[in-house]
Amino acid sequence: METIGMLIKIIILLLFIAAGLGFMIFPILFETDIKNKTGKGFLNRWMTGIEFICLIGCFEPSSDSFYGNLGCMFLSMAVSAMIAWKKAKKLHLENIMALGAVFAQILSPVSLLFIVIIIGRFFSKLKKGGKS
């Protein structure tokens with residue numbers, strides 16, 4: 001019985017990892033697909049940067065400026081979504097593709113954050129391994 005329980009936990013963990021990788025890779029794959037179809041890039045790098053900075057500001061929930069940072073993040077996400085929708089309509093994308101474009105723009109700083117965290121952990125493990 002313990003083996004089946006452990007197997008189920010491993011399967012659930014693998015599903016979460018797959019979902020996380022899907023969310024992380026989605027903006028990159030969507031951008032590549034749109035660029036191949038239309039010849040133009042889609043993601044707004046400036047809005048991704050602004051969202052990324054606001055997302056990093058929300059890491060400390062106990063700080064005095066947390067709610068301001070959270071508001072800034074939601075505001076930047078809303079502006080980013082509106083810009084993405086207008087750009088999708090300008091590129092003559094269908095409604096489903098335009099909605100995917102909005103999600104890709106909103107998820108792009110999240111994927112960037114995961115990549116930064118993964119690289120940071122990799123270098124910290126290398127640093128710890130070198131000192132031992």
**Message:** Applying side-chain contact (heavy atoms from CB on, under 4.5 Å) to Lys87 and Phe42, what does each step give before you reach the verdict?
**Reply:** CA-CA 7 Å; Lys87 192 166 185 178; Phe42 180 79; 4.1 Å; yes
**Fill in**
Of Leu43, Asn44, Ile28, the one forming a side chain to side chain contact (heavy atoms under 4.5 Å, CB included) with Ser108 is Leu43
**Message:** Return the CG to OG1 distance between Leu55 and Thr48, rounded to the nearest 0.5 Å.
**Reply:** 11.5 Å
**Complete:** Distance col, row Met24:CE vs Leu107:CG, nearest 0.5 angstrom, shows 12.0 Å
**Prompt:** Do Met47 and Ile83 pass the side-chain contact (heavy atoms from CB on, under 4.5 Å) test, and can you show the C-alpha distance, the side-chain angles, and the key distance before you say yes or no?
**Reply:** CA-CA 9 Å; Met47 287 308 297; Ile83 291 172; 4.0 Å; yes
**Item:** Derivation and outcome, side-chain contact (heavy atoms from CB on, under 4.5 Å), residues Lys40 and Ile34
**Value:** CA-CA 7 Å; Lys40 296 181 180 181; Ile34 295 296; over 6 Å; no
**Item:** Test side chain to side chain donor-acceptor pair (under 3.5 Å) applied to Ser76 and Glu51, step by step
**Value:** CA-CA 6 Å; Ser76 67; Glu51 286 178 274; 5.0 Å; no
**Flag, side chain of Asn69 to backbone of Ser65, donor-acceptor distance under 3.5 Å** = yes
**Prompt:** Does any non-hydrogen side-chain atom of Asp33 lie less than 4.5 Å from one of Leu29?
**Reply:** no
**Request:** Identify the two heavy atoms, one from Phe30 and one from Met97, that lie closest to each other, and give their separation to 0.1 Å.
**Result:** CZ-O, 3.2 Å
**Message:** Once rounded to the nearest 0.5 Å, what's the spacing between atom NZ of Lys90 and atom NZ of Lys86?
**Reply:** 11.5 Å
**Asked** Would you say Ile53 and Val110 are hydrophobically clustered, going by side-chain heavy atoms of ILVMFWY under 4.5 Å?
**Response** no
**Prompt:** Are side-chain heavy atoms of Met6 and Thr3 found at a separation under 4.5 Å?
**Reply:** no
**Message:** To the closest 0.5 Å, what do you measure between CD1 (Ile50) and CZ (Arg45)?
**Reply:** 14.0 Å
**Prompt:** Would you say Trp85 and Asn95 make side-chain contact, with heavy atoms under 4.5 Å?
**Reply:** yes
**Message:** Are there over 12 heavy-atom neighbours, none belonging to Tyr67, within less than 6.0 Å of that residue's OH?
**Reply:** no
**Asked** Would you find more than 12 non-hydrogen atoms of other residues, nucleotides or ligands less than 6.0 Å from Leu15 atom CG?
**Response** yes
**Prompt:** Is Leu75 reachable from Ile106 through a run of hydrophobic residues whose side-chain heavy atoms are each under 4.5 Å from the next?
**Reply:** no
**Request:** May I ask you to decide if Lys35's main-chain N or O and Thr38's side chain share a donor-acceptor pair within less than 3.5 Å?
**Result:** no
**Item:** Same cluster (ILVMFWY, side-chain, under 4.5 Å), Phe123 and Ile56
**Value:** yes
**Item:** Heavy atoms of other groups near Phe103 CZ, more than 12 under 6.0 Å
**Value:** no
**Message:** Starting from Met73, can I reach Met82 by hopping between I/L/V/M/F/W/Y residues whose side chains sit under 4.5 Å apart?
**Reply:** no
**Asked** Mind checking whether Phe59 and Leu113 have side chains closer than 4.5 Å, heavy atoms only?
**Response** yes
**Asked** Counting only heavy atoms not in Asp64, do more than 12 fall under 6.0 Å of its CG?
**Response** no
